[in-house]
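This report concerns only the one structure given below.
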Amino acid sequence: MTTMESLIGLVNRIQRACTVLGDYGGGDNTFSSLWEALPSVAVVGGQSSGKSSVLESIVGRDFLPRGSGIVTRRPLVLQLHKTDEGSQEYAEFLHLPKRRFTDFVADSGCMDCSSSVNFEFGTYFFCGPGAVRNEIQEETDRITGKTKQISPVPIHLSIYSPNVVNLTLIDLPGLTKVAIEGQPETIVDDIETMVRSYVEKPNCIILAISPANQDIATSDAMKLAREVDPSGDRTFGVLTKLDLMDKGTNALDVLEGRSYRLQQPWVGIVNRSQADINKNVDMIVARRKEREYFATSPDYGHLASKMGSEYLAKLLSQHLESVIRSRIPSITSSINKTIDELESEMDHLGRPIALDAGAQLYTVLEVCRAFERIFKEHLDGGRPGGDRIYGVFDNQLPAALKKLPFDRHLSLQNVRRVVSEADGYQPHLIAPEQGYRRLIEGALNYFRGPAEASVDAVNFVLKELVRKSIGETQELKRFPTLQADIAAAANEALERFRDESKKTVVRLVDMESSYLTVDFFRKLPQEVENKGGNPQAPVTDRYGEGHFRRIGSNVSSYIGMVSDTLKNTIPKAVVFCQVKEAKQSLLTRFYTQLGKKEGKQLLQLLDEDPALMERRQQCAKRLELYKAARDEIDSVSWTR
C-alpha cells in the first residue's frame, strides 16, 4: 500500500537522479524533461516578502543564508523527511554524498568530517560544526562565483527530522524590480525567466508568498501566479507579516478569499521578528508563539486552526501527495514511451566502436552492405529514383534522336555536293554507290552525340542515387570519414563504368557504319531508263533534281531504320555496362583495398562525428535516467 512518505519519497529520488544526470528543466528541447513531468511545489515571492522565514518555519530550523540583495541565487530543492520522534536531526546534500550535517547555522565551514559511523549500507561522516547555511552559500558560489549572478542548476538539500512533514519545496530566487550595484542589468528579467520556467509547468504547485502589510494588488508573486495560473487551481496564497499590519487593519478579506479568490486556500503566517532572529529564538518556540498569536487574535481567532506554518506544511504535504498519486499513471506512460524512443534512437546511433580489428572490419563491412542495399532498392524500385534511368531511355534519347540535323544533311544541295564529290573526275555510270556510302556514314556520325549523352545522363542519375543512398544509410551518419571514402569509391567506380559504356555505345554506332544492310537497298524500287529510243517513254536523268531527291529519300529511310535499331540497343548497352555493374560491383575495389588495411587504418575509417558521439552520450544518460525512474516507480507497492 502506498503512503504519503513513499509517494513523496519516490518523487524525491527521481528528482535527485534528474539533477545528477543534468535534467533540471528548462534548457533546450533536444530531449523531453522528466523533471518537468514531476509534481513539485515552487516557492515564489518578492525580495523581503518573508519567503525564507516561511521555509525555515516549515522546517523548524535556521538554515538559509541571509543578507541584503539577492541571497537565493540557485534553486534550492528542499526535501523534508519525517523521522521517528526523538531521533537526531541532520541534513544531507546531493553533491556531498555520505556527509551528514548536524549543525544548521554555525558560520564556520565544514570540518574534515573526522567522526564516522559504519552502517550496514555504508559509512557516513558526521560534519559539525559545518553549517548547512554555510554549505549552501559555498555551493552557490561554486557555480556562480562571488558575483551576484544566478544559475538554474539546483542545489538538493534533504533534511531528516521528527519536526517536519514529508514534503518537497523548491526555493527560487526572489523577484526584484531593480538591479543593484554588482548585479547585471538583465538580473530582473533573468530571475523572472528562471521562476517562470518552474511555475508555468502544469505539474507545478505554486506557493505564492506576499507580505500582509502591503497591498495584495502590488504583490510580485500573485501577479506572476495569475499570469501562469489564471484559474488559481495550482496556487496556494501565503500572507506573511500579519503582526506588522497597521493597528485597526486586518487581512481577512484576503484570507477569506473575498478580495483575491483562489481555488486553493489562503494561509496566514507570523514569522519571527528581526529581534527574535538576532536573539536566536528557537524555531520550535517561534512556532508556539505563532499558534498563540492566532488563537488569541480577535481578528483571526476563528481561523486559528487553518493558519500558521505547521498547518501550511501539512496542507501542502497532503495536496502534493494527492497530485502525485493522480499523475503517476501518466508519468509512467510517458516514461515508458520515452524509453522506447531513446532505445530506438540508440539503435540508429549505434553502439560504441569495438577495439578489436576484426570487429572493426566487420563493422565497416556491415555499414557498406547497408549502403549497397539501399542503393539497390533505389535502382529496383523499392525507393524512388531508379525510374529516372528509364526516363533517359524513354524520353531523353528519342527526343535527342529526333533533333538530329538529318534534314540539313540530306538537303538537295548537300546530296548533290556529296554525290558529285564522291564521283570525282569520272561520274558514276549506274548507281552512285560511293555517294550513298558517304551520305550514310556522315549521317551515322550524328548518332554519337545522343549515344554519349545517354551514358552521361545515366551516370548523373547513378551518382545522385549514390548521394541519396549515403544520406539515407543511418549507420553511415556515425562515420564521416567512412562516408567520404565510400562516396569516393562509388563515384570512381561509376566513372569507370561510364567510360566503358561510352566505348560500347560508340562501337554500336561504328558497327552500323562498318557494314550496311544490303537487303534494304536491294528492296528499293529501281529507276527506269529510256531504252529503244522511244520518245514517249519517261527518261531518268541521273544528274537531274529528281534523281538526287530519290537518293536523299533512300538514305533518309535507311537512317530511320538505323535510328530505330540504336534506340533499342543503346539502352541495352548502357544498362549492361553501367546499371548492372553498379548493382554488382560498385564497391568491389573498395573491398579489395579494405582487406589490406590494418587496425589503425580501420579505426580511422570509424572516426565518428563528435556531434554524433555527444548525442549518443546524451541519449545514454537520458535512457539511464528514465530506466532508473521506472525502477523507482516499480519499487513502490500500489493499492488497487
Handout entry: Given Arg616, Arg622, Arg615, the one that forms salt bridge (charged side-chain N to carboxylate O under 4.0 Å, His left out) with Glu345
Key = Arg615
Practice task
Assess whether atom CZ of Phe460 is packed by more than 12 heavy atoms of other residues, nucleotides or ligands within 6.0 Å.
Solution key: no
Handout entry: Approximate separation, where rounding is to 0.5 Å, of Ile150 CD1 and Thr144 OG1
Key = 10.0 Å
Handout entry: Any side-chain heavy-atom pair of Leu494 and Arg498 under 4.5 Å
Key = no
Handout entry: N-O pairing of Arg496 and Glu492 below 4.0 Å
Key = yes
Problem - Polar side-chain atom of Gln483 near backbone of Leu476 as donor-acceptor pair, under 3.5 Å - result: yes
Problem - N/O donor-acceptor pair under 3.5 Å between His409 side chain and Leu439 backbone - result: yes
Handout entry: Heavy-atom closest pair, residues Glu441 and Ser513
Key = OE2-O, 4.3 Å
Fill in the blank from the handout: Closest heavy-atom pair, Tyr558 versus Leu516, reported as atoms and distance to 0.1 Å, is OH-CA, 3.3 Å
Practice task
Nearest 0.5 Å please: distance from the CD atom of Glu472 over to the CG atom of Leu465.
Solution key: 9.5 Å
Practice task
Heavy atoms only: give me the nearest Phe497-Cys577 pair and the separation to one decimal.
Solution key: CB-O, 3.5 Å
Practice task
Look at atom OH of Tyr591 and say whether more than 12 heavy atoms of other residues, nucleotides or ligands are closer to it than 6.0 Å.
Solution key: yes
Problem - Whether Arg234 side chain and Val199 backbone form a donor-acceptor pair below 3.5 Å - result: yes
Problem - With Tyr436, the side chain to side chain contact (heavy atoms under 4.5 Å, CB included) member among Val419, Val415, Asn554 - result: Asn554
Exercise for the section: Keeping the roles fixed (side chain from Ser344, backbone from Asp340), state whether a donor-acceptor pair exists under 3.5 Å. Expected result: no
Practice task
Give a yes or no on whether the backbone of Arg549 and the side-chain of Ser553 come within a donor-acceptor separation of less than 3.5 Å.
Solution key: no
Exercise for the section: Could you tell me whether Arg437 atom CZ has more than 12 heavy atoms of other residues or ligands within 6.0 Å of it? Expected result: no
Exercise for the section: Give a yes or no on this: more than 12 heavy atoms of other residues, nucleotides or ligands lie within 6.0 Å of atom CG of Asp407. Expected result: no
Problem - Minimum heavy-atom distance between Tyr198 and Cys204, given as atom pair plus value - result: O-CB, 3.3 Å
